[in-house]
Number of protein chains: 2
Amino acid sequence: MGIAERKERDKEELRERILVAAKTLFLEKGVEKTSIRNIADLIEYSPGSIYHYFKDKNEIFHALHQGGFQQLMGRMEVLASVSNPMERLKGMGSIYVQFALENPDMYDLMFIKDAPILHVSNSNEEQWKEGFGTFNFLRSTIKECIDVGHFRGHEEEALSFLVWSTVHGMVSLRIRRRCEVVLAQRQDTIVKDGLNEFFSILDRLSS
Amino acid sequence: MGIAERKERDKEELRERILVAAKTLFLEKGVEKTSIRNIADLIEYSPGSIYHYFKDKNEIFHALHQGGFQQLMGRMEVLASVSNPMERLKGMGSIYVQFALENPDMYDLMFIKDAPILHVSNSNEEQWKEGFGTFNFLRSTIKECIDVGHFRGHEEEALSFLVWSTVHGMVSLRIRRRCEVVLAQRQDTIVKDGLNEFFSILDRLSS
DNA sequence: AAAAATAAATGAACAGTGTTCAAAATAAAA
DNA sequence: TTTTATTTTGAACACTGTTCATTTATTTTT
């Protein structure tokens, strides 16, 4: 009875094709301008078919969203070998910013857009597990820093949120084009410069 | 020949009525779910009329966007009497965060959403004058801090961007519902707590 | 092999969107 | 009053996400 299995595979394959088509169009034109009909056209199926594989448009983009977190987590893996928590923290910042600037549309979907997950279901904790994973990595690194004697007087959770907010703030202002207000000649480097300022501040807080 | 003037007034009045209706609906349902037809219904005009007063939907929301900057700038005015630049800087942070949390939809329109201005015209500097104003206020305050001897080793422009990014990061993560990853019992206070951590860091950099 | 049952794909239909524009209604000027 | 100018209209266009009865394709049973 390998037929049921093959059918399952076929179904999974088409699901994947929808996802690939959606990602292609999304990276070309953004979420809003990617319509179900566009996706259907690209895979040469009718619009209605899509709904046999995904509940709605949000579910499609939530799937891409999850893929983005895996990408980001993958990039962080090189830091496993960095034993100095302070160095690891700065490495995380660099990788995070680099990921955001290299994949602005994906970053936008993951951290800026109205979260697709909110529309898919009443967001229970399960659904946020990707986000939990990355934030926990940051939190545990900062905890290590504190345990080693850095950031005296600061508190783990709030500081973790603050650090995340700082890098998110910089890249999201850039991605959503709010950097026009900084000096014209600085606009291309302002995120990098800001990050360096941040690192030098973190160093000052080390003792 | 007061007729031309009266007509001018009438036109301006209807323009204002459109704006009021747009703002009402926008604060109720958000930009995307506020349609031209909704606005037209509310002021009891046909949809087509709107286009005699605004080029397109973006122009309407850019007008509201400008109003938001005036509001924010207005709140900042109380700081004119704060002579200590360090205190003024922290005051700006508090006011900024408070404004964002009290007017999340307006903040979203001003700093998070795809800038309406980008679609209205090829954004020249003129159009960003509201943004320039607020950022210049931050920059000049930080310059004062540096002149007085704070933030030694840091550079005005990049540090200004970093400070802005930090507060923007916190409130935008909150507004776009990315705080689910922090400890459940901390979610309501995390922005306030993060801001306090930030202030304590700024204090450490004072000397 | 033919018939019945199951599964998958279709495309028209619905209610909505921003925007345009010829025509109609209104107001002002001659 | 007639002519000119302005303002308002609402139908039409080309889209959108989503649903669902109907058709097509495949698998199972007879």
Side-chain angles (χ1 to χ4, degrees), chain A residues 1-19 21-22 25-26 28-64 109 113-121, chain B residues 1-19 21-22 25-26 28-64 109 113-121:
Chain A
M1 292 258 176
I3 293 167
E5 289 163 13
R6 196 218 62 207
K7 285 208 132 190
E8 194 58 43
R9 277 208 320 277
D10 282 4
K11 216 176 147 114
E12 190 49 51
E13 197 189 301
L14 188 45
R15 218 187 116 96
E16 198 55 44
R17 288 220 293 141
I18 292 170
L19 245 32
L25 293 170
F26 151 64
E28 256 174 29
K29 327 193 286 179
V31 175
E32 277 73 30
K33 297 201 165 180
T34 297
S35 72
I36 298 290
R37 283 173 183 81
N38 293 159
I39 298 169
D41 280 356
L42 201 58
I43 61 168
E44 294 177 295
Y45 272 72
S46 71
S49 321
I50 309 276
Y51 290 86
H52 286 238
Y53 298 86
F54 294 93
K55 191 180 141 283
D56 57 22
K57 193 179 170 180
N58 286 307
E59 200 170 270
I60 298 174
F61 285 98
H62 178 61
L64 296 183
L109 183 64
K113 282 215 148 53
D114 284 319
I117 185 60
L118 292 171
H119 308 104
V120 171
S121 70
Chain B
M1 291 256 179
I3 293 167
E5 289 163 13
R6 195 217 65 207
K7 284 209 131 188
E8 194 59 41
R9 276 209 320 277
D10 282 4
K11 216 178 147 112
E12 190 49 50
E13 196 190 303
L14 188 46
R15 218 187 115 96
E16 199 54 45
R17 286 221 292 142
I18 292 170
L19 245 31
L25 292 170
F26 152 65
E28 255 174 29
K29 327 193 286 177
V31 175
E32 278 72 31
K33 297 203 165 178
T34 297
S35 72
I36 298 290
R37 284 173 182 80
N38 291 160
I39 298 170
D41 280 357
L42 201 58
I43 62 168
E44 293 176 297
Y45 272 72
S46 71
S49 321
I50 310 275
Y51 289 86
H52 283 247
Y53 298 87
F54 295 93
K55 192 180 141 283
D56 56 21
K57 194 179 171 181
N58 286 307
E59 200 169 271
I60 298 173
F61 285 98
H62 177 61
L64 295 184
L109 183 63
K113 280 215 150 53
D114 284 318
I117 183 61
L118 292 172
H119 308 105
V120 170
S121 70

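Lettering follows sequence order; numbering is per chain, from 1.
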Could you state the [atom1]-[atom2] distance from [X] to [N], rounded to the nearest angstrom?
| X | N | atom1 | atom2 | value |
| --- | --- | --- | --- | --- |
| A:Ile50 | C:dA8 | CD1 | P | 15 Å |
| B:Glu13 | D:dT8 | CD | P | 12 Å |
| B:His52 | C:dA22 | NE2 | P | 12 Å |
| A:Tyr53 | C:dA8 | OH | P | 6 Å |
| B:Tyr45 | D:dT6 | OH | C1' | 13 Å |
| A:Lys11 | C:dA9 | NZ | C1' | 12 Å |
| B:Leu14 | C:dA27 | CG | P | 14 Å |
| A:Ile43 | C:dA8 | CD1 | C1' | 13 Å |

Original post:
Which part of the nucleic acid, if any, lies within contact of A:Phe54, taking any heavy atom under 4.0 Å across all strands shown: a base, the sugar-phosphate backbone alone, or nothing?
Top reply: nothing
Please table the atom pairs, donor to acceptor, closer than 3.5 Å between any side-chain atom in residues 41-54 of chain B and protein atoms at least two apart or in another chain.
| residue | atom | partner | partner atom | Å |
| --- | --- | --- | --- | --- |
| B:Ser46 | OG | B:Ser49 | OG | 2.9 |
| B:Ser49 | OG | B:Ser46 | O | 3.0 |

Original post:
Which letter, B, S or -, goes with each nucleotide of nucleotides 13-20 of chain C from 5' to 3', with contact meaning a protein heavy atom under 4.0 Å?
Top reply: B---BBBB
Subject >> Over all atoms of both residues, closest heavy-atom pair of A:Ala22 and A:Thr34 >> reply: O-CG2, 4.5 Å
Original post:
Can you name the nearest heavy-atom pair linking B:Glu32 to B:Lys57, along with the distance?
Top reply: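 Taking B:Glu32 first and B:Lys57 second, the nearest heavy atoms are O-NZ, 3.8 Å.
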**OP:** Report yes if some heavy atom in the side chain of A:Leu109 is under 4.5 Å from a heavy atom in the side chain of A:Phe26; otherwise report no.
**Re:** yes
Subject >> OP1 or OP2 of C:dT10 under 4.0 Å from side-chain N/O of A:Ser46 >> reply: yes
Atom pair [atom1]/[atom2] of [X] and [Y] - distance to nearest 0.5 Å:
| X | Y | atom1 | atom2 | answer |
| --- | --- | --- | --- | --- |
| B:Leu64 | B:Ile60 | CG | CD1 | 8.0 Å |
| B:Glu16 | B:Lys11 | CD | NZ | 14.5 Å |
| A:Arg17 | A:Glu13 | CZ | CD | 7.0 Å |
| A:Asp56 | A:Ile36 | CG | CD1 | 8.0 Å |

Subject >> A:Glu59 backbone acceptor or donor facing A:Lys55 side chain under 3.5 Å >> reply: no
**OP:** Could you tell me, to 10°, how much the axis swings from one end of the helix from C:dA1-D:dT30 to C:dA30-D:dT1 to the other, five pairs per end?
**Re:**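 The helix from C:dA1-D:dT30 to C:dA30-D:dT1 shows an end-to-end axis angle of 30°.
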